[in-house]
Amino acid sequence: MALPSAVFELSDPYANFMRNPVSGSDRVCPVCFGFKQATYKLCIACDRQPNHCDAIVPITYSLETGQVHHALRHYKDDRRKEIRTEFTFDLTAILWRFLAKHETCAAESSGTDTFDMVTVVPSGQATPDSPRPRLTRIVEEYCEHTAPRFRTLLERTDQPAEAHCYKADRFDARDNLTGESVLLIDDTWTTGASVQSAARTLKSAGASKVGAVVIGRHVNGEFDDHGALYRNLREPFDWDLCAVRS
């Protein structure tokens, strides 16, 4: 199915700010594609938590204080409705354009031909359960590529959990998922704790495969030499490439 022209119009300018995640480097974590020390097998966060995802596919690196980071923050937090709406549509276009071309890459890397269902990672906040209204709206309504398969599969438990820390009982599954393959979508990967906690719950509910696509893999340019590693990435962003098929 041909993409609407608005998808290209909204996503094209972001190629100047987005950077393709790289693989096969001793400075890149093979799980989440974040930067790491060459002497370490995994980045610090992935080394400290289990990996329940069959594949993790970040669309772009998101440099802290950069334009992608700005969009990911302000589409949900800006006090001005018009700014939230503008960035919501921008991120919808980025996700839609990427998945239309590369969802098959994520599925094959997860060990399946296709994803039966699509869901989002709930808020990591505890009581009361905090929905992700804008991320949910992107995946359930605006992105026609995912909308027909969207299901609300997860909900936040009342168990306390530290921010950015993996916790097995952070989420509950709302359905029996025996044999189903699930595409799990989040907007930002910082440590991946919420994604891994969500994937664990989906697998425990019977999901056969869980692939995760995240819009922005967060990069702290002030940490170690990660800013320099980011600046050495190719530019502009190439829509034909993805992290698992670059």
Side-chain angles (χ1 to χ4, degrees), residues 1-22 33 56-107 115 117-123 131-152 183-190 195 211-219 221 230-231 233-246:
M1 182 178 70
L3 294 176
S5 60
V7 169
F8 296 96
E9 292 168 4
L10 292 174
S11 61
D12 274 344
Y14 278 84
N16 296 311
F17 311 112
M18 296 166 64
R19 296 293 181 268
N20 293 98
V22 296
F33 298 90
I56 297 162
V57 188
I59 296 176
T60 178
Y61 288 116
S62 173
L63 182 68
E64 189 169 346
T65 73
Q67 181 61 30
V68 175
H69 175 85
H70 183 75
L72 288 167
R73 178 178 178 182
H74 286 273
Y75 93 102
K76 52 189 175 184
D77 291 339
D78 199 283
R79 61 180 177 82
R80 296 159 293 179
K81 181 180 179 181
E82 65 272 18
I83 298 298
R84 298 196 306 270
T85 299
E86 176 185 347
F87 285 134
T88 295
F89 286 137
D90 289 350
L91 295 173
T92 298
I94 290 169
L95 180 68
W96 192 347
R97 183 171 180 176
F98 181 83
L99 288 178
K101 195 170 192 67
H102 297 295
E103 184 182 334
T104 53
C105 303
F115 292 111
M117 299 179 178
V118 183
T119 197
V120 299
V121 179
S123 170
R132 304 281 294 278
R134 289 203 167 260
L135 179 60
T136 299
R137 196 168 298 139
I138 287 173
V139 181
E140 182 181 19
E141 297 181 35
Y142 300 153
C143 179
E144 294 180 15
H145 183 85
T146 56
R149 293 172 291 157
F150 178 83
R151 302 290 185 275
T152 302
L183 175 59
L184 182 62
I185 293 178
D186 205 357
D187 49 18
T188 304
W189 178 294
T190 303
V195 172
V213 168
V214 295
I215 297 175
R217 201 314 174 184
H218 182 79
V219 174
Y230 177 87
R231 289 189 293 272
L233 295 171
R234 61 173 293 162
E235 54 179 306
F237 183 84
D238 188 340
W239 290 98
D240 289 330
L241 301 179
C242 76
V244 294
R245 290 284 178 84
S246 57

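All residue numbers in this chain count up from 1 along the given sequence. Keep in mind the model is a prediction, meaning the values are calculated, not measured. All heavy atoms count here, side chains included; hydrogens, waters and symmetry mates do not.
The shortest heavy-atom contact between L135 and D186 is CD2-OD1, 3.8 Å. Taking all atoms of both residues into account, the shortest heavy-atom contact from L184 to V120 is CD1-C, 4.0 Å. Taking both residues in full, the closest heavy atoms of V57 and A106 are given as CG2-CB, 3.8 Å, listed atom of the first, atom of the second, then distance. When all heavy atoms of A147 and E141 are compared, the pair lying nearest together is CB-O, 4.3 Å. The shortest heavy-atom contact between G216 and L72 is CA-CD1, 4.0 Å. Between D240 and H102, the closest heavy-atom pair is O-CE1, 3.2 Å.
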Check against side chain to side chain contact (heavy atoms under 4.5 Å, CB included), L183 and L99: CA-CA 11 Å; L183 175 59; L99 288 178; 4.3 Å; yes
Residue pair Y142, L95: steps toward the side chain to side chain contact (heavy atoms under 4.5 Å, CB included) verdict: CA-CA 10 Å; Y142 300 153; L95 180 68; over 6 Å; no
Chi angles and distances behind the side chain to side chain contact (heavy atoms under 4.5 Å, CB included) call for T92, L10: CA-CA 9 Å; T92 298; L10 292 174; over 6 Å; no
Side chain to side chain contact (heavy atoms under 4.5 Å, CB included) between R234 and L241, worked out: CA-CA 12 Å; R234 61 173 293 162; L241 301 179; 3.7 Å; yes
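Annotation: the span from I59 atom CD1 to S11 atom OG amounts to 10.5 Å, rounded to 0.5 Å. Between the CH2 atom in W96 and the CG atom in L3 there is a gap of 7.0 Å [rounded to 0.5 Å]. Here the straight-line distance linking atom CZ of F115 with atom OG1 of T104 works out to 10.0 Å at 0.5 Å rounding. We find the OG1-CD1 distance between T60 and I215 to be 10.5 Å, quoted to the nearest 0.5 Å. Here the NE2-CD1 distance, from H70 to I83, works out to 7.0 Å after rounding to the nearest 0.5 Å. Note that CZ of F87 and CG of D77 are 12.0 Å apart. Values are rounded to the nearest 0.5 Å.
Between Y75 and D90 the shortest side-chain heavy-atom distance does not fall below 4.5 Å. Residues D12 and R97 meet the side-chain proximity criterion, which asks for heavy atoms closer than 4.5 Å. For the pair L63 and F17, the minimum side-chain heavy-atom distance is 4.5 Å or more.
Looking at Y61, its side chain does come within 3.5 Å of a backbone N or O of F33 through a donor-acceptor pair. A donor-acceptor pair is defined here as one N or O able to donate and one able to accept, closer than 3.5 Å; no such pair exists between the side chain of S62 and the backbone of R217.
Using cut-offs of 30° and 60° for the angle between ring planes, the H218 and H69 rings count as tilted. Aromatic ring pairs are classed by plane angle as parallel below 30°, tilted from 30° to 60° and perpendicular above 60°; the pair W239 and F237 is perpendicular.
Contacts of D187 classified as salt bridge (Lys or Arg N to Asp or Glu O under 4.0 Å), with partners at least two apart in sequence or in another chain: K76, R132.
Applying the salt bridge (Lys or Arg N to Asp or Glu O under 4.0 Å) test to every pair with at least one member in residues 79-89, sequence neighbours left out, gives these pairs: D78-R80.
With V195 as reference, V214 is the one residue of I56, I185, V213, V214 to meet the side-chain contact (heavy atoms from CB on, under 4.5 Å) rule. The salt bridge (Lys or Arg N to Asp or Glu O under 4.0 Å) test with R149 is passed by exactly one of E144, E103, E140: E103.
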